Amino acid sequence: MRASQFYIKTTREAPLEAETISHKYLTRASFIQQIAAGIFSIMPLGWRSLEKIRHIIREEMNNAGALEVTMPVVQPRSIWEESGRADTYVPPLARFSDRRDRDMVLAPTHEETVSIMGRYGITSYRDMPLRLYQIQTKFRDETRSRGGLLRVREFEMKDAYSFDADDAGLDASYDAMAEAYHNIFSRCGLDAVMVEADSGSIGGKDSAEFALLAASGEDSVLICDSDCCGYGANLEKAEFVKSPNASEDPGELEKFATPGVKTIAALAELEDVSSAKTAKAVFYAIDDQVYVVVIRGDYEVNETKLRNMMGGSEPRFATPKEVESAGFVPGSASAIGVDSAYVIADDSVVENANLLAGANEDGHHYRNSNYGRDWSADHVGDIAAAAEGCKCARCPDGHLESHRGIEVGHIFKLRTVYSEAMNVKFNDVNGRLQPSYMGCYGIGTGRLLAAAVEANHDERGMMLPKSIAPFEVVLVGVNLHNNEEVRETAESLYGQLTKAGIDTLFDDREEAAGVKFADADLIGMPVRAVVSPRSIQNGGVEIKHREQAPSDSRICSASEAVDAIEALLGG
RNA sequence: CGGGGAGUGGCGCAGUGGAAGCGCGCCUGCUUUGGGAGCAGGAGGUCGCGGGUUCGACCCCCGCCUCCCCGACCA
């Protein structure tokens, strides 16, 4: 492609609203253009990168036995009523009425339509496995979009769905997809880690997300630092082994004055002990019932674990009013002596003796509170959030490292949630009607591109991996328009590169050399070849990799340039 | 939805109750060509929208819209 025939309009400055690196670079390099909050157009350069991503995805999906389809973005609301998600989907469905006043929605995902597609033809266990995928636009009316393409409202996603006759089949489909995902990310040059994830309120048993570790990520991911177990999970899901306090005999419950002490940190400091020697009480409302949640002072509550333990309803912080009317004194709260309270306890407070706890009296706490003797709970379990340094639950020596990650893919075992609701049923070997076992598998293509930029850039611009860069090579001509030898050499090299099947951008614009170099760095093609009076004087063509400094470039003769460039590209 | 910030040429920004400016970009010509060039001449703005105050509003007042950041939320 000749740059003079293409649409490249780079800018020196990014728009005011761009804050993340990927947003700035993708905008400055004219890959994307913002139209509204969380809504973008894709420009020719961005399109090329996305097209390469799509191509890789298609190949891997096809290899995994999935068939490509397209399902509508605009859907009748009635099918969402059938699945039961018309009113429960969060964020809210974007709705509108058509001219006949029918209720329509913009699809945020496609379980409903794929279920309809599946039930059309799946009548026997012999019809499965069936794996379908599409690369399609979604619209989610997020309460807040952010970070350029990292989190948007309208976006393109590859979503795949599997139908199987039983759990074993679902496991096989899920594993096939997980393998395809590993291949996709690796072929995109991205080091994405697969970590366990919570399956969310939609149910299902297993779920995993693929995260690209990057400081700008929204996700917290915990990964075991030991080589032996490979355990990783996102913050919502992460398990860990709690470190017990030194065991001691129960002491006598003793109330003491703690004027002005409102926090665990202050309490621990006053008594000169670790916060692990305290019991912390926090207040949640679940289905409008107020609970006091008691956890050891050095841990935080994991609301997802809490939700799952309590049956799936979303917990929220209780209001001060609710806390008071339940009989608690914030700052000095505990479950001790509040008989009417609903109590949830993390196992960390159950197993450790002689903790400092609130006395439910302003300015007072207890020493030596012990579970079972001084108070008890209605529910006990693991509701603690894992954090950096916690002991790994899967291996003896490992500890968890905390990372920020960008969620670029997510796979779920849905099982029969949708097939029951949407009536995707088949006759099994015994002739009995069974719901199909479904899975769903998503990759955000735009987010993948943005994540790749977040993970691969320097101060001059993007450094996209060759498999997804808009071009593999940029051929810069300097003095093309007034130097016959330069022009002939460059044109000839461009022809050879094209013939060799190397995706080349030939910068034949009438721009100053500095402009072309700056653009090449910003767009970040993996290899740069320069033909100029100087390079010819030095023996031919100057080549360098994007990751090399200009001073590390080298000269090769025009005849060996294609081979040298291929070598630099690496395979 | 709560908190904070911002809307002035394509982009980044300044600005004053009395004739809308600067840098970059853009157009023409000439000169240039190794890190976003030089000279000269040009084009381009409903100062977010609607009301109000005023002889006069980009500026002051009221209402609204939009965008960004933090939080909440995120099958």
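Note on naming: letters A, B, ... go to the chains in the order of the sequence lines (proteins, then strands), and numbering restarts at 1 for each one. Just so it is clear, the structure is predicted and the values come from calculations on it, not from any experiment. Quick note: numbers below take in every heavy atom, side chains included, and nothing from hydrogens, waters or symmetry partners.
Among the protein residues, A:E510 comes within range of no part of the nucleic acid, since none of its heavy atoms lies under 4.0 Å from any strand. Residue-level contact check: A:N483 touches neither bases nor backbone, having no heavy atom under 4.0 Å from any strand. Backbone-only engagement by A:A36 is indicated by non-hydrogen atom pairs under 4.0 Å involving sugar-phosphate atoms exclusively. Note on A:A512: a base of the nucleic acid sits closer than 4.0 angstrom, heavy atoms only. Using a 4.0 Å heavy-atom cutoff across all strands shown, A:T88 reaches no nucleic acid atom at all. Using a 4.0 Å heavy-atom distance criterion, A:P550 is classed as a base contact. Residue contacts shown for A:V530 include a base, since a base heavy atom lies under 4.0 Å away. No engagement by A:E218 is indicated, since no non-hydrogen atom pair under 4.0 Å with the nucleic acid exists. Using a 4.0 Å heavy-atom criterion, one finds that A:S30 contacts no nucleic acid atom at all. Here A:R28 lies in heavy-atom contact (under 4.0 Å) with a base.
Under the 4.0 Å criterion applied to side-chain N and carboxylate O atoms, A:R316 and A:E322 are assigned as salt-bridge partners. Under the 4.0 Å criterion applied to side-chain N and carboxylate O atoms, A:E491 and A:R2 are assigned as salt-bridge partners.
Checking B:A43 for Watson-Crick or G-U wobble geometry (two distances, each under 3.5 Å) identifies no partner in any strand. Base pairing of B:G63: its partner is B:C49, meeting the Watson-Crick or G-U wobble criterion (both donor-acceptor distances under 3.5 Å). For B:U32, there is no paired nucleotide, since no Watson-Crick or G-U wobble pair has both relevant distances below 3.5 Å. Of the nucleotides present, B:C55 is the one that pairs with B:G18 by Watson-Crick or G-U wobble criteria, both distances under 3.5 Å. Look at B:G2: its Watson-Crick or wobble partner, with both distances under 3.5 angstrom, is B:C70.
In this structure, of B:G12, B:A75, B:C70, it is B:C70 that holds the atom nearest to the side chain of A:R146. Nearest nucleotide to the A:T109 side chain, out of B:C69, B:A75, B:G34: B:A75. Of the listed nucleotides (B:A75, B:C67, B:G23), B:C67 has the atom at the smallest distance from the side chain of A:A37. Nearest to the side-chain atoms of A:F412 among the listed nucleotides B:A75, B:G23, B:C67 stands B:A75.
Applying the 3.5 Å distance criterion, the base of B:A75 shares a donor-acceptor pair with the side chain of A:R140. In the interface, the side chain of A:R151 is paired with the base of B:C74 through a donor and an acceptor atom under 3.5 Å apart.
At whole-Å resolution of the value, NZ in A:K24 and C1' in B:C11 are 14 Å apart. Summarising the geometry, the separation between CD1 on A:I536 and C1' on B:G34 is reported as 14 Å, rounded to the nearest angstrom. For the pair A:H481 NE2 and B:U31 C1', the computed distance is 16 Å after rounding to whole Å. Atom OH of A:Y441 and atom P of B:A75 are 18 Å apart (whole Å).
Judged by distance alone, the side chains of A:Q496 and A:S492 do bring a donor and an acceptor atom under 3.5 Å apart.
Between A:T11 and A:S145, the residue whose closest nucleotide on RNA chain B is further toward the 5' end is A:T11. Of the two residues near RNA chain B, A:P91 and A:V478, the one whose nearest nucleotide lies more 5' is A:V478.
A:R119 places a side-chain N or O within donor-acceptor distance of the main-chain N or O of A:M422, the cut-off being under 3.5 Å.
Distance CE/A:M310 to CD1/A:I344: 4.0 Å, rounded to 0.5 Å.
Note: A:F328 and A:F283 have tilted aromatic rings, judged against thresholds of 30 and 60 degrees for the angle between ring planes.
When the side-chain nitrogen and oxygen atoms of A:Q33 are compared with OP1 and OP2 of B:G10, none of them lie within a distance under 4.0 Å.
Residues A:Y441 and A:Y161 place their aromatic rings such that the two centres sit no closer than 6.0 Å.
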